[in-house]
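The next block holds one structure in the form of structure tokens; read it before the comments.
Only a predicted model underlies this, so the values are computations on that prediction, with no experimental measurement involved.
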Amino acid sequence: MSTRDIVFVALFAALTAALGLFPPVTLPVVGVPITAQSMGVMLAGALAGAVRGGAALALFVVLVCAGLPLMAGGRGGLGIVMGPGGGFVLMWPVAAFVIGYLYERALGTLTVWKEVLILVLGGVVLTYAVGIPWIAAVARVDLAKAALGSAWFLPGDAVKVVLVVLIARAVRRAYPTLRAR
């Protein structure tokens, strides 16, 4: 990795941590908080690309597991990934990588709707595919109840997708950070 790559990794790990300063809203049904940090995952993939974005979120998850209080509400430690929201958090590096990969592949033909699709697939569908069964297993509830409880996340995720599209388009115009694959 070049110095520039390392800076991107550190920057997006730090950005994801900073988004944890927004207070979490914990859902009583599933015990998983709604936070702004999943927006950091989407931004890392959209702006840093597959490898740097995935590495940034891998670094973030390792630091959280090591006990640093980087999660919303000042939480950290292995309890985060072993708890009901662990499936979502563990998927963040994968989601950032997939988002970055899809962005890099579509770079020359990106439209607003393509960006929305990439972010929904990588940032929402992929994380929910692991996060919801994880909730069901850890909280010992049936899959349908976990899915229904997780539906409360969708309006916030929709807002985050729109914000990331707006932010990523503006940043890429001012400072192109991705290279096409």
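Under the 4.5 Å side-chain heavy-atom criterion for ILVMFWY residues, no single connected hydrophobic cluster contains both Leu43 and Leu166. Grouping the Ile, Leu, Val, Met, Phe, Trp and Tyr side chains by contacts below 4.5 angstrom, directly or via other members, places Val125 with Leu119.
Residues Leu19 and Gly40 share a closest heavy-atom pair of CD1-N, 3.3 Å. Of all the heavy atoms in Gly87 and Val130, the pair that sits closest is O-CG1, 3.8 Å.
Remark: side-chain polar atoms of Arg52 are paired, donor with acceptor, to backbone N or O of Ala48 under 3.5 angstrom. The backbone N or O of Ala72 sits less than 3.5 Å from a side-chain atom of Arg75, completing a donor-acceptor pair. Judged purely by atom type and a 3.5 angstrom limit, Trp134 has no side-chain atom pairing as donor or acceptor with the backbone of Ala129. With hydrogens and angles disregarded, no donor-acceptor distance shorter than 3.5 Å links the side chain of Gln37 to the backbone of Leu15.
Between the OG1 atom in Thr35 and the CG atom in Leu21 there is a gap of 11.5 Å [rounded to 0.5 Å]. Atom OG1 of Thr16 is separated from atom CE of Met39 by 10.0 Å, given to the nearest 0.5 angstrom. Of the inter-residue distances, the one linking Leu107 atom CG with Arg172 atom CZ reads 7.0 Å to the nearest 0.5 angstrom. A distance of 9.5 Å separates CH2 of Trp92 from OG1 of Thr127, quoted to the nearest 0.5 Å. Rounding to the nearest 0.5 Å places CG of Leu117 at 11.0 Å from CD of Glu115.
Around the CE atom of Met1, the shell of radius 6.0 Å holds more than 12 heavy atoms that belong to other residues, nucleotides or ligands.
The ring of Phe88 has its center closer than 6.0 angstrom to the ring center of Tyr128.
The pair Asp157-Lys160 counts as a salt bridge, with a side-chain nitrogen and a carboxylate oxygen less than 4.0 angstrom apart.
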